[in-house]
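My questions will all concern the structure given below.
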Protein chains: 2
Amino acid sequence: MEDTLRSPNAMLSTVSVDCVIFGYFENMLSVLVRRESVPFNNQIIEEWKLPGNHVLRNEDINATAARILKEQTGLEGIYVKQFWVFSDPDRLKKRPQDYEWVKPRLKDDRVLTVGFYSLINIDSIDNTQLIEVAKWVNTNEVKELMFDHNEVFEEALKKLRYDLLHEPLVFELLPEKFTLTQMQKIYEAIFNTTYDKRNYRRKINKMPYLIPLNEIQTGVSHKPARLYSFDRNVYEKTRTERFDFRV
Amino acid sequence: MEDTLRSPNAMLSTVSVDCVIFGYFENMLSVLVRRESVPFNNQIIEEWKLPGNHVLRNEDINATAARILKEQTGLEGIYVKQFWVFSDPDRLKKRPQDYEWVKPRLKDDRVLTVGFYSLINIDSIDNTQLIEVAKWVNTNEVKELMFDHNEVFEEALKKLRYDLLHEPLVFELLPEKFTLTQMQKIYEAIFNTTYDKRNYRRKINKMPYLIPLNEIQTGVSHKPARLYSFDRNVYEKTRTERFDFRV
DNA sequence: ATAAAACAGTGTTTTATTTACACTAAGTAT
DNA sequence: ATACTTAGTGTAAATAAAACACTGTTTTAT
């Protein structure tokens with residue numbers, strides 16, 4: 001409501017974007033960033049957090065997400081999706097050791113953060129130029145993070161699972177050319193289950209945007225599988241609504 | 001990323017919540033608010049906008065949404081869901097006549113808004129205590145709104161349709177006790193289509209949370225229909241993930 | 001009392017989708 | 001040649017979806 005006189009109680013906030021970057025290589029992986037050590041109770045604690053940054057003056061939040069992706073991983077053209085706004089007034093105070101360290105820097109009331117998740121394809125992960133303090137970790141082995149970042153992470157994973165049930169986001173995690181087994185394994189990893197190979201293939205073969213190529217896998221020590229690709233144009237024609245995009 | 005030194009380019013923003021309030025009575029309806037008249041090019045223009053307000057210092061955005069609902073409609077305990085953050089740096093400038101009027105009041109860089117939609121049940125609409133400048137309008141007859149509010153409105157409607165395909169949100173639009181025909185008509189209005197009554201009933205009768213009552217409709221001048229209710233507890237048990245709540 | 005109007009409520013057949021289940025084929029390594 | 005590893009495929013049964021039309025109950029008008 002921009003047209004009322006500003007209430008003296010209106011919050012003045014910096015806004016940040018925190019990105020849960022998902023990739024798949026044998027397991028579901030996610031990028032965490034090591035923060036400078038935190039002194040707390042006379043101890044030095046090594047702390048990890050999600051990659052994130054402030055929204056800048058001339059940026060929309062999607063540009064912020066794109067910038068974070070570029071800075072942290074060196075990658076561009078990555079799938080990103082905003083999934084939730086974390087706005088608890090006390091969200092930075094949930095872990096006092098983090099808050100004590102941040103507090104002196106705060107000039108505004110709050111820091112509200114928009115949670116994004118992003119999906120990176122297998123091949124990119126090999127040549128990701130992660131910044132020095134970042135690393136890929138197994139999503140099952142995420143330890144305690146700063147602030148409310150565990151909550152952000154868990155919500156991202158929930159939302160990814162939910163979205164995958166309704167949209168073929170799995171292609172964002174796959175390389176340009178992939179095998180059906182690779183695709184199946186990603187679903188199995190995310191949903192922590194297994195599927196019957198024949199039924200799985202029967203089902204996905206009905207997707208008109210799944211294109212079989214006249215090419216086979218190389219570099220494997222067994223029968224090579226056929227490669228497939230994802231036709232984005234065909235997919236775009238089949239859907240009516242979008243709540244995501246590419247940065 | 002709250003732990004880096006604040007960039008001099010970090011945006012400082014007030015944050016607002018704009019609510020697209022949906023209800024159903026013969027048609028899909030939504031609440032619009034009339035703003036004080038706007039002088040532009042020496043004309044007085046009557047302007048409409050979505051109900052909204054600033055996020056206050058000690059509020060999270062969901063509390064803001066709850067407050068807006070209470071203030072504008074007098075209702076509490078309403079279903080609300082955040083669906084998108086509108087963060088275009090120029091979003092207030094899209095309609096210069098609006099921006100000219102707001103500009104002198106802005107002390108911060110931007111106003112970022114979180115879009116919510118909310119669902120109100122038929123019965124409440126009758127006794128909604130709308131504030132004087134607000135009115136229910138047919139969603140098909142929403143005219144030009146202030147700022148980017150037409151975009152917010154359209155995105156809300158898209159998101160509602162999308163969500164309805166995957167979750168039984170229709171119960172939020174229905175009264176405590178309702179007939180199957182009422183329910184069907186809401187779907188038909190939102191998706192602008194018609195369904196076969198027998199197939200529709202066969203389908204929804206498989207929902208375990210749809211409870212037939214030993215009561216029938218009253219006050220109708222034809223055969224009264226059986227009443228049903230929605231069992232929230234049964235529903236909660238059948239779902240795994242939530243991205244919405246009640247305020 | 002009877003008829004007309006308005007909506008409630010129900011079943012069958014066909015087609016498509018889902019599920020459960022196990023073997024053969026192709027390439028690689030030794 | 002053999003063993004190993006993963007690729008690739010079919011069928012039958014159960015379930016779900018889609019197409020389709022009439023009878024029953026209550027109210028209102030005459």
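The sequence lines fix the lettering, A, B, ..., with proteins before strands; numbering per chain opens at 1.
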Nucleotide of D:dT9, D:dA18, C:dA8 approaching A:R201 most closely (side-chain heavy atoms):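 Closest nucleotide among those given: D:dT9.
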Is the B:Y235-B:F171 ring centre distance short of 6.0 angstrom? no
Please determine if B:K135 forms a cation-pi arrangement with B:W48, meaning its NZ or CZ atom is less than 6.0 Å from the six-membered ring centre and no more than 45° off the ring axis.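 The answer is yes; both the distance and angle limits are met.
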Side chain of B:D196 only, heavy atoms from C-beta on: which candidate in D:dC20, D:dA7, D:dG10 is closest?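 Taking heavy atoms from C-beta onward, the closest nucleotide is D:dC20.
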Answer with base, sugar-phosphate or nothing: what part of the nucleic acid does A:T179 contact at a heavy-atom distance below 4.0 Å?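 The residue A:T179 makes no contact with any strand.
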Quick one: which of A:K203, A:K197, A:R202 gives a side chain to side chain donor-acceptor pair (under 3.5 Å) with A:N199?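 Running side chain to side chain donor-acceptor pair (under 3.5 Å) over A:K203, A:K197, A:R202 with A:N199 returns exactly one hit, A:R202.
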Hey, does B:K197 reach any base, or is it just sugar-phosphate, or nothing, if we go heavy atoms under 4.0 Å? base
Test for a donor-acceptor pair under 3.5 Å between the base of C:dT19 and the side chain of A:R202, counting only N and O atoms. yes
When you compare the side chains of A:S30 and A:T139, does any donor N or O come within less than 3.5 Å of an acceptor on the partner? no
What pairs with B:D163 under side chain to side chain contact (heavy atoms under 4.5 Å, CB included), at least two apart in sequence or on another chain?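 Testing B:D163 for side chain to side chain contact (heavy atoms under 4.5 Å, CB included), a comparison that skips the adjacent residues, returns B:K81, B:Y117, B:K159, B:L169.
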Whole-Å distance separating the CZ atom of A:R226 from the P atom of C:dG27: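 Atom CZ in A:R226 sits about 13 Å away from atom P in C:dG27.
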Mind listing the N/O atom pairs, protein and nucleotides 26-30 of chain D, below 3.5 Å?
none

Using Watson-Crick or G-U wobble pairs with both distances under 3.5 Å, give me DNA chain D in dot-bracket, 5' to 3', with [ ] for crossers and | for pairs to another strand. ||||||||||||||||||||||||||||||
Listed nucleotide nearest any side-chain atom of B:R198, set D:dA21, D:dG8, C:dA8: D:dA21
dist A:Y24:OH -> A:L119:CG (nearest 0.5 Å) comes out at 14.5 Å
Does the side chain of B:T64 come under 3.5 Å of the side chain of B:E59 through a donor N or O and an acceptor N or O?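 The criterion, which ignores hydrogens and geometry beyond distance, is satisfied for B:E59 and B:T64.
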Is there a donor-acceptor pair closer than 3.5 Å between any side-chain N or O of B:R161 and the backbone N or O of B:I190?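 Side chain of B:R161 to backbone of B:I190, a donor-acceptor pair under 3.5 Å: yes, one is there.
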